[in-house]
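Here the structure is laid out as structure tokens; the discussion comes afterwards.
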Amino acid sequence: MNIVVCVKYVPDAQSDRTFSDDHTTDRTNVDGLLSELDEYAVEEALKLVEAGEGEVTVLTVGPEVAVEAVKKALKMGAHKGVHVCDDAIHGSDAGATSLVLAKAVEKIGKPDLVLTGLASTDGTMSVVPAMLAERLGLPQVTQVSELSVADGSVKGRRDTDIASETVEASLPALVGVTDQINEPRYPSLKGIMAAKKKPVETWSLSDLGLDAAQVGFEGSWTKVVDVTQRPAREKGEVQPDEGDGGTKLVEFLNKSKLV
Amino acid sequence: MAEVLVLVDHTDGAVKKTSAELLTIARRIGTPSAVFIGSQVEAARPRLAQFGAEKVYVIDNADVADYLVAPLAEALEAVVKQAGDVAAILVPTSGTNKEAAARLAVKLESGLITDAQDVQAGDDGIVVTQTAFAGGYTLQGVVTQGTPIITVKPNTTPPQASQAGAQVVPVELTVSDTAKGAKITEVQEKKKSGRPELTEAAIVVSGGRGTGGDFSPVEGFADALGAAVGASRAAVDAGWYPHSNQVGQTGKQVSPQLYVACGISGAIQHRAGMQTSKTIVAVNKDEEAPIFELVDFGIVGDLFNVLPQATEAVKQAKS
Ligand SMILES: Cc1cc2nc3c(=O)[nH]c(=O)nc-3n(C[C@H](O)[C@H](O)[C@H](O)COP(=O)(O)OP(=O)(O)OC[C@H]3O[C@@H](n4cnc5c(N)ncnc54)[C@H](O)[C@@H]3O)c2cc1C
Ligand SMILES: Nc1ncnc2c1ncn2[C@@H]1O[C@H](COP(=O)(O)O)[C@@H](O)[C@H]1O
């Protein structure tokens, strides 16, 4: 089974994330990493291939540094990487990003599975997988926290507020996984050494037959017009419990008309 | 004025509060029309009329419930085609709705903005306000192509009534074979807690690793306040509380009047789900816990002492 995993390079949530002057997420002046939520997709792909056969290709769309996300996945055990990198992609919204990903998946060749994470930890939209499925005409089995593949079909469990659903589709399919699905592995020393020899291809827009006007600011159907940093919440009163902490808490709620 | 389509959130025709909120928002930018998927439209009509729906487009087709996401996107597309002049499409934020909106955006070649905190009519079109980076930033966005598709968070706008006709308009839908690719083969309904829904509740009381697995003080306080119960990921990962109650980046994003964090340290991923709450209160043993940086009021203490006392105090105040 051949699997393509879509992974994103994102600013570390623990560092000071910020926006550039053109209102895009600053990805170059901040520590970045493979989005933690995409590690679950990489892990699931590795488990599926280890249980059978085939190859895992990791795919990212992003600036030069984004190749670090691919490298991390290769260290975890993925077989090869594809990095779509082109200055014209800068400023792409989810729709434009999904177009680039769709073209790249087609160029990689028809995989049996396209795997994605639940959401990117910077944009947190959770929409690229659905857009990608729509563009590729693949059945969409997303937000699953259990997955099995057998006899040419996938089966996943998807939780909503009111129910737990079992979803089935035949391959090829697009599968999105949540952070409930597995425990991503740490790269082993052997994995780190082996990753150095693994192939990573870098593709430009023209390699994908795309035009600069279809992506970036020009090709996006949305625009951020203003970004402001919110003032930090003002720290209120914090009191030690001297045996009457609960009473004091409710006094505060009463005073604030919350009870 | 052009129509603004509002996807109705309902259970068996019982319309959720978010739909009243979205209809209220829709009136700022055009003439609201509700989109009702299901068979109990008559049960839903009075509430939709009360909040200003001029029309109610109805799609009653079992395929929408039997297959994952793609048929819902086709249903919305069918309504857009029938309606003609559509100024915007508003859907309540949820996992499934966001994905349907995403597919619709590709179909209609239209811009999509998710998780709106506010939607207003601007001089050059609709302006959408969102937050980013765990509530650290406020963004304003616009759609530059097509019909704006916007998913709106619950609890962002107080619903205002405004009686309208809610004229029922049936819409035919034939779901394509491609959209029937992912079939829902089994549905296990979850037990209802009897408490308010997490994203709609005016008050949320959450417990974390500090509960040590015993949520009874958290639930007791929540019930005294008529609140919903939330949990941190640490508590969910430990198996102490269901994932559907998780608050944070990979759980629910809540914006209640009051959020009470008990035995929760306040990691950035947790803050991402609760930082826009009006008032934040915390109980934590550790005075250095980062959650105290955000609170309006905090008690440094053991939740097993503080919460039962607070529960009693609320019960007395109420009686
Ligand atoms: C990609 C990603 C996504 C994530 N998504 C989420 C998410 O959606 N939601 C989420 O919550 N987390 C999320 N996390 C995890 C997050 O980083 C933290 O690990 C988690 O929030 C910690 O939960 P906690 O505060 O309950 O536990 P801890 O950080 O262990 O804190 C427990 C707190 O309880 C206090 N305490 C202990 N005993 C008592 C007592 N008896 N009385 C009072 N206080 C006591 C302690 O002082 C401590 O401050 C995510 C992480 C990643 C990497
Ligand atoms: N630039 C990108 N490159 C590769 N994969 C991406 C990219 N952006 C989003 N994805 C995939 O889409 C998922 C959801 O992202 P989002 O819709 O941005 O929250 C992520 O978990 C990734 O699997």
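Below, chains carry the letters A, B, ... as their sequence lines are ordered, and counting in each starts from 1.
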Segment of B:A100 engaging chain A (4.5 angstrom heavy-atom cut-off) = neither
Give, as side chain, backbone, both or neither, the part of A:E168 having an atom under 4.5 angstrom from any heavy atom of chain B.
-> both
Interatomic distance, B:T11 atom OG1 to A:D161 atom CG [nearest 0.5 angstrom] | 10.0 Å
For the residue pair B:V300 and A:D241, establish whether any side-chain heavy-atom pair is separated by less than 4.5 Å.
-> no
OG1 of A:T142 to CG of B:L68: how many Å apart, nearest 0.5 Å?
-> 5.0 Å
Taken to the nearest 0.5 Å, the spacing of B:L294 CG from A:E234 CD works out to 13.0 Å
Residues B:D296 and A:K235 bridged, charged N to O under 4.0 Å | no
Measure distances from B:Q246 to the heavy atoms of chain A and classify the residue's part below 4.5 Å as side chain, backbone, both or neither.
-> side chain
So what's closer than 4.5 Å to chain A heavy atoms on B:S110: side chain, backbone, both or neither?
-> backbone
Could you check if a side-chain atom of B:Q249 sits within less than 4.5 angstrom of a side-chain atom of A:T121, using non-hydrogen atoms only?
-> yes
Relative to chain A, which segment of B:V295 carries a heavy atom at a distance below 4.5 Å: side chain, backbone, both, or neither?
-> both
Region of A:V250 in contact with chain B, defined by heavy-atom distances below 4.5 Å = side chain
Measure distances from B:N245 to the heavy atoms of chain A and classify the residue's part below 4.5 Å as side chain, backbone, both or neither.
-> neither
Considering only heavy atoms, which portion of B:A132 lies under 4.5 Å from any heavy atom of chain A: side chain, backbone, both, or neither?
-> side chain
Would you mind checking which part of B:V128 comes under 4.5 Å of any heavy atom in chain A, side chain (CB onward), backbone (N, CA, C, O), both or neither?
-> neither
Is it the side chain or the backbone of B:I268 that comes within 4.5 Å of chain A heavy atoms, both, or neither?
-> side chain
Donor-acceptor contact present, side-chain A:Q143 to main-chain B:T96, <3.5 Å | no
Approximate separation, where rounding is to 0.5 Å, of A:M125 CE and B:I113 CD1 | 8.0 Å
Return all side-chain donor-acceptor pairs below 3.5 angstrom for residues 135-146 of chain B, not counting sequence neighbours, or 'none' if the list is empty.
{"residue": "B:Y137", "atom": "OH", "partner": "A:T18", "partner atom": "OG1", "Å": "3.3"}
{"residue": "B:Q140", "atom": "NE2", "partner": "B:T129", "partner atom": "OG1", "Å": "3.2"}
{"residue": "B:T144", "atom": "OG1", "partner": "A:S220", "partner atom": "O", "Å": "3.4"}
{"residue": "B:T144", "atom": "OG1", "partner": "A:W221", "partner atom": "O", "Å": "3.2"}
{"residue": "B:Q145", "atom": "OE1", "partner": "A:W221", "partner atom": "NE1", "Å": "3.4"}
{"residue": "B:Q145", "atom": "NE2", "partner": "B:E109", "partner atom": "O", "Å": "2.9"}

Under a 4.5 Å heavy-atom cut-off, does chain A meet the side chain of B:E99, its backbone, both or neither?
-> both
Go through the atoms of B:F221 and report whether side chain, backbone, both or neither lie under 4.5 Å from a heavy atom of chain A.
-> side chain
Given that the side chain runs from C-beta out, which part of B:T93 has a heavy atom under 4.5 Å from chain A: side chain, backbone, both or neither?
-> neither
Enter the distance from A:Q14:CD to B:Q269:CD here, rounded to the nearest 0.5 Å.
-> 5.5 Å
Does the pair A:E134/B:K107 count as a salt bridge with the N-to-O cut at 4.0 Å?
-> yes
Counting distance only, does the side-chain N/O of B:K190 pair as donor-acceptor with the main-chain N or O of A:T160 below 3.5 Å?
-> yes
The interface call for B:I280 against chain A, heavy-atom contacts under 4.5 Å, is both
With A:R185 via side chain to side chain donor-acceptor pair (under 3.5 Å) - residues at least two apart = A:E43, A:E50
Rounded to the nearest 0.5 Å, the CZ atom of B:R103 sits from the CZ atom of A:R135 at a distance of 11.5 Å
Is chain A contacted by the side chain of B:K278, its backbone, both, or neither, given a heavy-atom distance below 4.5 Å?
-> backbone
